[in-house]
Every structure is written in C-alpha cells, then in structure tokens.
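Right, one structure below, let's go through it.
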Amino acid sequence: MSELQPVRVRIAPSPTGDPHVGTAYTTLFNFLFARQQQGKLILRIEDTDQKRARRDSEEMLFSTLKWLGLHWDEGPDVGGDYGPYRQSERKEIHQQYAQQLVQQDKAFYCFCSAERLQQVRDAQRAAGESPGYDGHCRHLTQDEVKSRLAAGESHVVRLKVTRPGQVTFEDGIRGPITIDLKQVDDQVLIKSDGFPTYHLANVIDDHLMKISHVIRAEEWISSTPKHVLLYQAFGWPLPKFYHLPLLRNKDQSKISKRKNPVSLNYYRRKGILPPAMLNFLALMGSSFAEDQEIFSVEEMTARFKLNKISLGGPIFDMVKLKHLNQHYIKAMGPRCFAAHVREEMYSQDFLEQIYPLFCERITAFEEFVDKTSFLYNGELDYRDLPIVPKKRTPLETKAAFEKLLEKVDQADVWDVEFVEQMLSGVQQELELKPRDFLMPVRIAVTGRKDSPPLPQSIVCVGKAMTRFRLAKACEFLAQLEVNPS
RNA sequence: GUCCCUAUCGUCUAGUCUGGCCCAGGACACCGCCCUUUCACGGCGGCGACGGGGGUUCAAAUCCCCCUGGGGACGCCA
C-alpha cells in the first residue's frame, strides 16, 4: 500500500485487571506492522470507566508488555508529542468536542435514567425487536434542555444518528462492510459523570494522535459505524480499519478466563518464554512461510502481511504453545537457561519472600526443592488427597471454590492481608467450619496437606496460578461427583 | 430476536484474490518403527480436512447463490 502519511498505530488497553493474552495478541500485530512500516506504536490507556480503571493494572500492563519485548514509541510512561496518553487526562478535550457536536445539532442531551433505558430495552427484546435507545430526549426544546441542565439534572450526551441510511466502511482484511443505521444506536458520547465513552474518546484521540491504521479485535466491527459517523460529524478523514480475529476457547467461544487461563502473568509464571509466546501468537491467523513456523521477531517483521490474516477464530492451543516453548528452551543455550532459572524461578526477591515460610520447615537444603515444589508446579494432581472434607460433598466444595474464584477475580491487590480477608470472608459467607473450607483450599492451591500458612502460600503461588488451580480443582470435583472413586 | 463477521485434517495453517501444477502441502497432537539399558530429544512412516446443496465452466478447495455450523455485537464496559 502506498502510504503518504507516516504509519502510526496504537494499542488502547483499558487498565482493568490482569494483562490479557488478547492484549498481547493485538499489541504484537500492531507492533510488527509499525516496525515493518517504520512507523510508530502508541500506547494509550483507555481509563474512562472510573469504576473499573485501576492504576496498578496499568503498571502491570507496562511491565508485562516489556517482558514480552513489545515496546512502544509513545505512551504515558515514555511521553511523546501527542499526549497526554491517558484518556482520563484528556476529559476536557473530549467534552469540548462533544459540545461542538451539540452546538451543530449533531448530538443532544439525554436525561433518561438507566432504569428507564433498561425497561425500554427489555420491552423491545420481549417484542422481538432489536434493543436500542428510543429517541426519547431527541426532540426536547432548547428551553427545556436549558432549564433541566440548570436544575442540575443528571444527563448524558448522545449522538444524533440520522436514519434511514447505512454506513459502509472498508476493513483492510475483509473488504467493505455495510451496516444499516437501524442497527446503530444514538450512542452515548459523554456519560453522566462527565467522562467520554470509548466511542467518542477513541475517535477523538485517534484523530488527534494522527493514527493511520486502527488494528483491533473483531468484536469492534459492529461499533465501527458509530466511529465512522463520528469521523464524518467532525469532518475528519478515516483511518484504515483492520479487525483481527478473536482468540477462542476450545469450544470456540471468545477466549475467557472461565474456560482458559488468559492472564499473561499465568504464562510467565508457568515458564513460557517471551519469544515462544510471541511466535505462538503470531501464528494465530497468519503464516509467514509455507514450510516454517519458528520465527524471530525480526523475521516476523520482515514477512508480516497485515492484509493477509486468516479470519477463522483460532483456538488458543496450549499444547502447541508448549511445543514452541520447548523449541526455544532447546535453543536458548546454557547461559540463557541458567539466567532464566535464576531470574524467573529463583530470583533474589522471590527467595527472600519465601524465606520466612521455609526456614523453619527445612532442616537441610535437601528438603528445599520438595517442600517448595508447589510454588513451581503448574496443574496439580488431586487424586488421593482429601480435597473433600468428611461429611461434605464434592459439589459443596466446588461451590466454595467458585465463590472464592469470584473474589480472586475481583482482587486488585494480592498480599497476605487481602488473602486473609478473602478467605475468612468466603468462609463466613458460606458458614463453613475452618477445616471444611481451609483444608480443601489448601489442597486445591498447593496440592498438599502440609503447606506453610495458607494466606502466605496463596500469595506466593500468585494470583494467576491460584485462579488456574482453583478452576482445575472445580473441574476435578465436578468429575468426582459424576464418577466417585 | 436483529444485524455483522466467518467456514480446508482434532488443533494452527498453506493453497482461494489471479479456476487447471491440489484425488489438497506443512506443523502440533495421536499411532507405529528406528536410535536408545530408562525417559526425553532426534529420524522415518502412518492416521487425518476442502460443512451440505445448487449453479457458472472443458475444468472449482478456489467464482456465484442458498442452507447449515461457528463466532461477535446490540451497555452511561472497553
């Protein structure tokens, strides 16, 4: 393609929770394209959801992407000419542009309550119609709007979509996509807390940051018309759109933590090497040669073809990942091998962290490896362990784990204090005796009856691995219920 | 329910645009054999796919249509 403008691509993660494998996937493709075109990769934090965005998630995202070797040219941490790169710090800009649309009668104030909107949608669904905003506040008089605003009524700003009509845009991988405006809602632009929605902020920021190619996940296709409408309303040129296929669970649904480990921290902890992870991700949806599948980032950069991505949703296959990882382990050589074990498994920090737990539990270092094995093992074997307490059923135990899993997912810190509260919280909520709750959890998370104190053990095992083991324990219990042994 | 995307071995894919070189190639997994006092690695071989139906054509995995399957979206989440 002939690019007169410099290539500028972006990744726009929202800092909620653990860094996601899908984020790495999208980042990799943006990264490869930017490098290949000698363009720039911008990292923009989309933290306009004040209820969910967390600063520590942002930190974790940075360090994880760096671990993978995915570097960006502009971002909140490295700066750049188009900042700020955190959307929450651009609120005034977004509001200003929203105002502009209101003045031009391309957007309007809406005073509808969330409850009313929910009722409307429910009714529409019940009637077999597609749910959407009913235009209730579209035609309020200027005077009415003014007085309700003056009265401090809670409100949002919505885009005034002029129907009938349709929007056609070009997807660089799929070709033209046409969507009827019947399917496009009068999208909220500014939320009642004054923050912009994704749709508004994303369009404004992409334009202001001179983004040339929007490379993002397929789930955005159906909202692209909203974005196109906004570009048109502002009179801005469209970037090129490329929608990447969605990574899938084994059952082909969109990859989710319910069915698959999705935290990059899990894979790091598991001992997946960055080049293996990148190589694996790169193979999902694209092929760089007919008879080769091992590629360095340099080779991938040279051979990458953005417009030739296969669109069947690829299933995230751990077995293949491990195969590639083994290749990289064999290729890393003794020096890297030793360095990796020392830095990732027996790091100074980690050993100091676990010292208090094990110094009183070993009498000579010959016991160290065995006693600490649960910190390094992945999936555990629960057979022959009393994971179900006496007088309790597998299903009850499973229910307790599921409750705990919910709390784990909501966790935004991971320290002893938090884990203690989490454990006692669930135990009390379920009205379980300590031994009927704590021992099963201990076995689920550590695979043994004699681990160091549970909260400390759980902290050391790590959030991602704890989540994985609890989920696996649930599977084990479900199977035990069906097929008691 | 409505709309959009999508469809080659169990999985990741090559081939599809520019029909014939494809009774479909590679990799993972699986199975067998070889190497090996075990395991692993490695080598060799095997199993295994164009979702179905119409059409266009001398010729279709490749182009068109319908059906079916899968997925996504329909939020003051991104």
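So you know, we letter chains A, B, ... as the sequences are listed, proteins then strands, and number each from 1. Hydrogens, waters and symmetry mates play no part in the numbers below; they use all other heavy atoms, side chains included.
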Counting N and O atoms only, with roles assigned by atom type, does the side chain of A:Gln326 sit under 3.5 Å from a partner on the main chain of A:His323, one being a donor and the other an acceptor? no
Indicate yes or no for a side-chain donor-acceptor contact from A:His20 to the backbone of A:Gly22 under 3.5 Å, with no hydrogens or angles considered.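 Answer holds: yes.
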To the nearest Å, give me how far apart [atom1] ([X]) and [atom2] ([N]) are.
| X | N | atom1 | atom2 | answer |
| --- | --- | --- | --- | --- |
| A:Ile315 | B:U8 | CD1 | P | 11 Å |
| A:Asp122 | B:G1 | CG | P | 17 Å |
| A:Lys320 | B:C12 | NZ | P | 10 Å |
| A:His327 | B:G42 | NE2 | P | 10 Å |
| A:Lys308 | B:U18 | NZ | P | 13 Å |
| A:Leu283 | B:U11 | CG | C1' | 12 Å |
| A:Glu290 | B:C12 | CD | P | 19 Å |
| A:His323 | B:C41 | NE2 | P | 10 Å |

Searching all strands shown, indicate the nucleotide that pairs with [N] (Watson-Crick or G-U wobble; both distances under 3.5 Å).
| N | value |
| --- | --- |
| B:G1 | B:C74 |
| B:A7 | B:U68 |
| B:C58 | B:G20 |
| B:G45 | B:C31 |

Going by side-chain contact (heavy atoms from CB on, under 4.5 Å), A:Tyr85 matches just one of A:Ile45, A:Ile42, A:Val78. Which one? A:Ile42
Looking across every strand, which nucleic acid part, if any, lies under 4.0 Å from [X] by heavy atom: base, sugar-phosphate, or nothing?
| X | value |
| --- | --- |
| A:Gln124 | nothing |
| A:Thr16 | nothing |
| A:Lys182 | nothing |

In whole Å, measure the gap between the [atom1] atoms of [N] and [M] for me.
| N | M | atom1 | result |
| --- | --- | --- | --- |
| B:C28 | B:A49 | C1' | 15 Å |
| B:C50 | B:U37 | C1' | 48 Å |
| B:A27 | B:C65 | P | 36 Å |
| B:C30 | B:G19 | P | 40 Å |
| B:A61 | B:G20 | P | 10 Å |
| B:G15 | B:C63 | P | 13 Å |
| B:A14 | B:C22 | C1' | 11 Å |
| B:A60 | B:G54 | C1' | 14 Å |

Would you mind checking if A:Arg8 and A:Glu74 are paired as a salt bridge, meaning a charged N to carboxylate O distance below 4.0 Å?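 Yes.
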Does A:Asp186 come within less than 4.0 Å of A:Arg138, counting only side-chain N to carboxylate O? yes
Applying side-chain hydrogen bond (donor to acceptor under 3.5 Å, both in side chains) to A:Thr16 and A:Asp49, what does each step give before you reach the verdict? CA-CA 9 Å; A:Thr16 52; A:Asp49 184 348; over 6 Å; no
Partner of A:Asp205 under salt bridge (Lys or Arg N to Asp or Glu O under 4.0 Å), picked from A:Arg90, A:Lys91, A:Arg10, is A:Arg90
Let me have a per-nucleotide readout for nucleotides 66-78 of chain B, 5' to 3', with B, S or -, counting only protein heavy atoms under 4.0 Å. ----SSSSBSBBB
Ring centre gap for [X] and [Y] strictly below 6.0 Å:
| X | Y | result |
| --- | --- | --- |
| A:Tyr97 | A:His207 | no |
| A:Tyr346 | A:Tyr376 | yes |
| A:Trp220 | A:Tyr198 | yes |

If you assign each of A:Pro314 and A:Gln326 to its closest nucleotide in RNA chain B, which residue comes earlier from the 5' end?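 Going by which nucleotide is closer to the 5' end, it is A:Pro314.
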In terms of the nearest nucleotide of RNA chain B, which residue is placed more toward the 5' end: A:Pro176 or A:Phe316?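 The residue whose closest nucleotide sits nearer the 5' end is A:Pro176.
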Using nucleotides 45-53 of chain B, report all nitrogen or oxygen pairs with the protein that are shorter than 3.5 Å.
none

Under 4.0 Å: is that the gap between some side-chain N or O of A:Lys330 and OP1 or OP2 of B:G42? yes
Taking only side-chain nitrogens and oxygens of A:Ser310, does any of them come within less than 4.0 Å of OP1 or OP2 of B:A14?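 For A:Ser310, the contact criterion (side-chain N or O under 4.0 Å from OP1 or OP2 of B:A14) is met.
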Can you name the residues that form a ring pair (Phe, Tyr, Trp, His ring centres under 6.0 Å) with A:Phe29, not counting sequence neighbours? A:Tyr25, A:Phe304
